[in-house]
Amino acid sequence: MIDLKLLQKDFDTISKKLTRKGVDATLLAQLKEKFEELKVAKTAFETLQAAQNAMSKEFGVYKREGKDISELKARVDANKVKIAQALEIQRHKQEELEKLAMAIPNIPDDDVPDGEDEEDNVEIKKVLTPPTFDFTPKEHWELAEQNGWIDFERGVKLATSRFSVGFGMGAKLERALINFMLDFNAKRGFEEVSVPEIVNRRALEGTGQLPKFEDDLYKMEGQELYLIPTAEVPLTNLYQDEILKADELPKKMTAHTSCFREEAGAAGRDTRGMIRQHQFHKVELVTIAKPDESDAIFDEMVACASDLLTALELPHRLVTLCTGDLGFSAAKTVDLEVWLPGQNTYREISSVSNTRDFQARRAKIRFKDGKKNTLVHTLNGSSLAVGRTMVAIMENFQKEDGSIDIPKVLHPYLGI
RNA sequence: GGAUCUUUGGCUGAGUUGGUCGAAAGCACCGGUCUUGAAAACCGGCGAGGGUAACACCUCCCUGGGUUCGAAUCCCAGAGGGUCCA
């Protein structure tokens, strides 16, 4: 959630920044107005309540002194009616405000480039040179089937489209990658955590998936429980509603989980292969940080994911997302795109975001900043999406006969 | 599953004939005095959120309802924990 006090204090600046992200300025004006209305309603209610409390205290005095209380009681009863009304108004305003506020995305950082969509993302740098082939490189689904690694049809049989099954090396490679990534991240100071893959509504509100993106999630029937779309949700919400000690920060965490996505808005896109699946493995990085250290940690996380790709000998590039491509909760995001020879293009394999205090405000994660409680900054990034890493390995390490080499760093993990 | 007890601030733990209780006390923690330094001792501070320039003020004693002018204290439901029975 954005800082409503800030919006009130400096409306022009905030609305200018959010307009860059395509937020309607009139919506913001509405939000500001609601915020002010709520304050008025609250003050009205609290004033009445204060009067009520004061009068109630007098009862004790009257009784002790043996005075008649009928006049006092009449006053209190009259006030009570007013309180009920004031409370109702306040509740209503509160609801309206929350509905509006929870749907407003984060404010982009000033150095985020303007733009409409992924076409306008800005490349930072390329790492490693894409391999050249003296034959036409195949796409991963062809290689996966030819090597017997992935069975797409049987995945569909078991569940529905966008599910697949790994066999033999196709299954082992997945496990090797997960272990390799977790170990790699641990060496960079990220503590391994094992978290639930089902979370409640409150957690998803904390990180910003709800209430706006309910359609992207798998929900347990009849319960307020959801399958996680990313480990970012449980990891970030671990400290929901807590006040951390300053010396506990930063909390650098990594976790492997399955991720579940409905992919409602992705009809027709990436229908072949395993680029866009309903269920996939991912190793995630999350950091809870003090505001003044979050920029440095952001760079660390980007470097961690990039170095992981380099260790796997996978050519990739880093791009800064433009305002139009920036996610709901992010103030700034750097995507890592891996080179896919079969598709002759770079495709997203990791996304590292700094949400600043946006999630912290929703999830109420704070730390003792001297005497004060201050909202933390939360950062998240994939390192990496496992399925897409397998895709990248298949396409980059393919040979003319369709066989596939395995990156050297994975050999110990595969007993070769 | 049945019976019964229990649920308080970072922890321990008072507070149940409803009214100066946001809550005693101890520990922990922070600041100070003392000390060459530390410990001990002594003095002071010390829950959270909202609100304010700062006060005032409002809310919070597992959760949600209710009774009442007024509830940590009474009633109902739920959740967690303990003990006994099965």
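Every heavy atom of this structure was used, including side-chain atoms; hydrogens, water molecules and symmetry mates were not. Here is the naming used below: chain letters follow the sequence lines, and residue numbers restart at 1 for every chain.
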> Which residue pairs pass the salt bridge (charged side-chain N to carboxylate O under 4.0 Å, His left out) test when at least one of the two sits in residues 354-363 of chain A, sequence neighbours left out?
Replying inline: Asp3(A)-Arg361(A), Asp109(A)-Arg356(A), Asp295(A)-Arg356(A), Asp357(A)-Arg361(A)
>> Under the salt bridge (charged side-chain N to carboxylate O under 4.0 Å, His left out) definition, can you give me all pairs with a residue in residues 44-57 of chain A, not counting sequence neighbours?
In response: none
[N] versus [M] - spacing of their [atom1] atoms, nearest Å:
{"N": "A77(B)", "M": "G26(B)", "atom1": "C1'", "result": "36 Å"}
{"N": "G47(B)", "M": "C30(B)", "atom1": "P", "result": "16 Å"}
{"N": "G15(B)", "M": "A24(B)", "atom1": "P", "result": "14 Å"}
{"N": "U83(B)", "M": "C27(B)", "atom1": "C1'", "result": "29 Å"}
{"N": "U7(B)", "M": "C75(B)", "atom1": "P", "result": "13 Å"}
{"N": "G81(B)", "M": "G44(B)", "atom1": "P", "result": "42 Å"}
{"N": "G45(B)", "M": "G50(B)", "atom1": "P", "result": "25 Å"}
{"N": "A53(B)", "M": "A40(B)", "atom1": "P", "result": "43 Å"}

> In the 5'-to-3' direction, what one-character label does each nucleotide of nucleotides 56-75 of chain B receive under the scheme B = base within less than 4.0 Å of a protein heavy atom, S = sugar-phosphate only, - = no such atom?
Replying inline: -SBS---------BS-----
For [N], give its Watson-Crick or G-U wobble partner with both distances under 3.5 Å, or none.
{"N": "G1(B)", "result": "C85(B)"}
{"N": "U63(B)", "result": "A77(B)"}
{"N": "A41(B)", "result": "U33(B)"}
{"N": "U20(B)", "result": "none"}

>> Filter on ring-ring contact (aromatic ring centres under 6.0 Å, His included), then keep only pairs touching residues 281-304 of chain A, sequence neighbours left out; what's left?
In response: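 Only His256(A)-His281(A) qualify under ring-ring contact (aromatic ring centres under 6.0 Å, His included).
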> With respect to the phosphate group of A48(B), does any side-chain polar atom (N or O) of Arg366(A) fall under 4.0 Å of OP1 or OP2?
Replying inline: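 Answer no for this pair, as no side-chain N or O of Arg366(A) is under 4.0 Å from OP1 or OP2.
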> Taking only N and O in the side chain of Lys364(A), is any of them less than 4.0 Å away from OP1 or OP2 of A48(B)?
Replying inline: no
> With sequence neighbours excluded, what pairs up with Phe35(A) under the ring pair (Phe, Tyr, Trp, His ring centres under 6.0 Å) test?
Replying inline: none
Nearest-angstrom distance from the residue atom [atom1] of [X] to [atom2] of [N]:
{"X": "Gln8(A)", "N": "G50(B)", "atom1": "CD", "atom2": "C1'", "result": "14 Å"}
{"X": "Gln240(A)", "N": "G49(B)", "atom1": "CD", "atom2": "C1'", "result": "15 Å"}
{"X": "Lys5(A)", "N": "G49(B)", "atom1": "NZ", "atom2": "P", "result": "11 Å"}

> Step by step, would you call Glu153(A) with Lys157(A) a salt bridge (charged side-chain N to carboxylate O under 4.0 Å, His left out)?
Replying inline: CA-CA 6 Å; Glu153(A) 279 84 33; Lys157(A) 179 164 77 178; over 6 Å; no
> Okay, side chain of Asn396(A), backbone of Ala392(A): is any donor-acceptor separation there less than 3.5 Å?
Replying inline: yes
>> Listing request: all side-chain hydrogen bond (donor to acceptor under 3.5 Å, both in side chains) pairs with a residue in residues 76-86 of chain A, at least two apart in sequence or in separate chains.
In response: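 Only Gln52(A)-Asn79(A), Lys73(A)-Asp77(A) qualify under side-chain hydrogen bond (donor to acceptor under 3.5 Å, both in side chains).
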